[in-house]
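The structure displayed is predicted, hence computed values, not measured ones.
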Amino acid sequence: MSGSNNKSIIFYNGFREKSYCGYCKKGKTSCSHGMWASRLSVQAYQDMIDRGWRRSGKYCYKASMDKTCCPLYTIRCEALNFELSKSQKKIIKKVTKFLKCGEYETNTFDNEQAEREPLMNFETHDIHNHDDKMQVTSTDTDQLYVEEPCSSVTGLQNSSTLVTDKEVKNTVLSVNLSCEPETTKENKKVKPGEGANPNLPKCKKKKLLRIEKKLAKNPNSVITTSVPQQKSLEDFISENDLASIDESKKLRVSLVQTGTEEFSQTFTAGASLFAKYQIAVHNDQPDDCDMSQYFEFLVNSPLQAEKANHSDHPGYGSFHQQYWLGDKLIAVGVIDILPKCISSVYLFYDPDYHHLVLGTYSSLREICLVRKLYSMSPDMKYYYMGFYIHTCAKMRYKAKFRPSYLLCPLRYTWHAVERCIQKLDNEKYSIFNESDDVQDDGDTLRIDNIPVLYCGTLMTYSKYKTINYKENQDELMTEYSMLVGPKLVRQLIYCFLD
């Protein structure tokens, strides 16, 4: 990744009031902390998700794990060692069969398998053009960023920038974890029976039967067997790309970076597909999934695009991976390409193609993309799937992508999902790393040295207190420092809106 002087500017909202939980369907039980991000470098966001943060549009949130009803554990898959399961192979083969001959199993639409990750909705009150209020412009942006706040107080006091428009007051946020209610399924009545007859011999594979038949005809036959070559994920995916009824039905997958001219040409198609998906899968009203909602949640991103050192690398930032069947857009995977990983943001698709299990299929394509980018960037090794929610059965499918690891909510270390599940079966909030020897990364930073932006001027928090100190502000800054950690607190510029 090429060097970058991108600045990360945030507005911390703190702990929000308990709200309705879309996972367990209980009211006033979901707890989290949040912040608005005017802009984030890809490295800063990488460090944020490695501490349990996640974004929805430009709003970033982190669950209060010991208080919330449904703890959200960050989960990532080790893409380079990914093990393709039988069921995942069947899904890829199903897509191949459909592309070759147009055949597919006719099954009814199932909301249980319809979504890969719920959309995080938030509402704002008394806040308009929040991003514009925090936008920083400067002829020399390098003066904004302070590598060592402790030793640069004098320089900070003389640095100035402009915050456009008037400051925002009384910011109130409400996050809705929208997850479709689980449908109840009728249990099929099975006639009682004795089961398999243990006295009968076990079934033999066809290959073994053919060998026995050949030896029966000619006992002197020489049997030569070869070890079947195992297909890789890339082998299975390439079969999709080559299979089609005709050119009009050929599957084409394109990776488009948001904010580019190429992306603007497909914006309307993406917005229309998003609305169709939300109405069919989540029973949204048309006003809840219009173009403005599509832009706010899935297009508008705080990540600052960065170029990669390799000419074939798409670069870093926010992207839409679009799935085209001929000239028809049938699915979009919203992803962030970061220094160490691809982070899945959301997936939406045409419900008419639900039989292709596009949720799992698109995840496999994204894992394949991680492996491709690894050849150009050795740090790219992981596929982040958002959150694993053990208390929500619909989200447990993520553990089937192996090998996967969960983030310890206290020590921020990674642990095999299989071992974590054993703990989560007994207690929904679990600390996976119970060692007392693990230290947080980096040295602690006094809150007085936190970089702060106020009225267009960059300064330390200690300087800000001499200008506009408010009651309980130290407690809020201490909370913020603990949540983002000593490494991030040096990278993020805390914006005060007066």
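Here the shortest heavy-atom pairing between A44 and Q491 reads CA-OE1, 3.6 Å. Counting all heavy atoms, side chain and backbone alike, L476 lies closest to G14 at CD1-CA, 4.3 Å. The nearest pair of heavy atoms linking R411 to N433 is CG-O, 3.3 Å. Scanning both residues, M482 and R51, for their nearest heavy atoms gives O-NH2, 3.0 Å. The two residues L424 and L406 have their closest heavy-atom pair at CD1-CD1, 4.1 Å. Of all heavy-atom pairs spanning Y383 and E366, the tightest one is OH-OE1, 2.5 Å.
Put simply, the side chain of L298 does not reach to within 4.5 Å of the side chain of V332, judged on heavy atoms. Counting heavy atoms from C-beta on, the side chains of E261 and S264 come closer than 4.5 Å. For the pair S362/Q321, no side-chain contact is recorded, criterion being any heavy-atom separation below 4.5 Å from C-beta on. Taking the side chain as every heavy atom from C-beta outward, D288 and Q293 never approach each other to under 4.5 Å. Side chains of D312 and M376 form a contact here, defined as non-hydrogen atoms less than 4.5 Å apart. Residues F496 and N468 fail the side-chain proximity criterion, which asks for heavy atoms closer than 4.5 Å. The shortest side-chain heavy-atom distance between N449 and V489 does not fall under the 4.5 Å cut-off. In this structure, the side chains of Q43 and S8 stay at 4.5 Å or more apart for every pair of heavy atoms.
With rounding to the nearest 0.5 angstrom, the CZ atom of F348 is 7.0 Å from the CG atom of L329. With values rounded to the nearest 0.5 angstrom, K67 atom NZ is found 11.5 Å from S32 atom OG. Note: C341 SG to K381 NZ = 13.0 Å, rounded to the nearest 0.5 Å. Note that CD of E78 and CD1 of I367 are 11.5 Å apart. Values are rounded to the nearest 0.5 Å. L347 CG to T360 OG1: the interatomic distance, rounded to the nearest 0.5 Å, is 9.5 Å. Within the model, atoms OG of S430 and CG of D66 stand 12.0 Å from one another, a figure rounded to the nearest 0.5 Å.
The backbone N or O of K400 lies less than 3.5 Å from no partner atom in the side chain of S404, so there is not a single donor-acceptor pair. Judged by distance alone, with hydrogens and angles left aside, the side-chain atoms of Y45 form a donor-acceptor pair with the main-chain N or O of R55 at under 3.5 Å. A distance-only check finds a donor-acceptor pair linking the side chain of R54 to the backbone of V345 [under 3.5 Å]. Of the possible polar contacts, one joining the Q304 side chain to the P302 backbone as a donor-acceptor pair under 3.5 Å is found. Judged by distance alone, with hydrogens and angles left aside, the side-chain atoms of K398 form a donor-acceptor pair with the main-chain N or O of M385 at under 3.5 Å. Proximity of a side-chain donor or acceptor of R371 to a complementary backbone N or O of A79 within less than 3.5 Å is detected. With K340 contributing its side chain and Y382 its backbone, the two residues share no donor-acceptor pair below 3.5 Å. Distance alone, capped at 3.5 Å, places no donor-acceptor pair between the S272 side chain and the A269 backbone.
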**Request:** Take M380 and V370, measure what side chain to side chain contact (heavy atoms under 4.5 Å, CB included) needs, and give me the verdict at the end.
**Result:** CA-CA 7 Å; M380 177 70 65; V370 175; 3.9 Å; yes

**Request:** Any chance you could lay out the side chain to side chain contact (heavy atoms under 4.5 Å, CB included) test for Y73 and V417, step after step, and finish with the verdict?
**Result:** CA-CA 10 Å; Y73 296 90; V417 67; over 6 Å; no

**Prompt:** Could you walk me through whether W53 and Y12 pass the ring pair (Phe, Tyr, Trp, His ring centres under 6.0 Å) check?
**Reply:** CA-CA 13 Å; W53 290 86; Y12 181 61; 7.1 Å; no

**Audit row: L255, I337, side chain to side chain contact (heavy atoms under 4.5 Å, CB included) steps and yes/no** = CA-CA 11 Å; L255 183 66; I337 299 182; 4.1 Å; yes

**Request:** Could you check D241 against R365 for salt bridge (charged side-chain N to carboxylate O under 4.0 Å, His left out), going step by step and ending with a plain yes or no?
**Result:** CA-CA 11 Å; D241 296 336; R365 298 282 314 212; 3.1 Å; yes

**Message:** Run S64 and F15 through side chain to side chain contact (heavy atoms under 4.5 Å, CB included) and show every step you take.
**Reply:** CA-CA 9 Å; S64 304; F15 182 81; 3.6 Å; yes

**Request:** Test ring pair (Phe, Tyr, Trp, His ring centres under 6.0 Å) on Y323 and Y349 and set out the steps.
**Result:** CA-CA 9 Å; Y323 297 78; Y349 60 84; over 10 Å; no

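Between R39 and the options I9, L303, I10, a side-chain contact (heavy atoms from CB on, under 4.5 Å) holds for only I9. For the pairing with W414, the ring-ring contact (aromatic ring centres under 6.0 Å, His included) check across F432, Y384, Y405 returns one residue only, Y384.
Dense packing is recorded around NZ of K423, with more than 12 heavy atoms of other residues, nucleotides or ligands lying under 6.0 Å away. K18 NZ: 12 or fewer foreign heavy atoms inside a 6.0 Å radius.
Residues S377 and Y316 have side chains that bring a donor and an acceptor to within less than 3.5 angstrom of each other. Defined by atom type and a distance below 3.5 Å, a donor-acceptor pair is present between the side-chain atoms of D474 and Y461. A donor-acceptor pair shorter than 3.5 Å cannot be found between the side chains of H320 and T258. Under 3.5 Å, the side chains of E427 and Y429 contain no donor-acceptor pair of N or O atoms.
The aromatic rings of Y294 and F274 lie tilted to each other, with the angle between the two planes from 30° to 60°.
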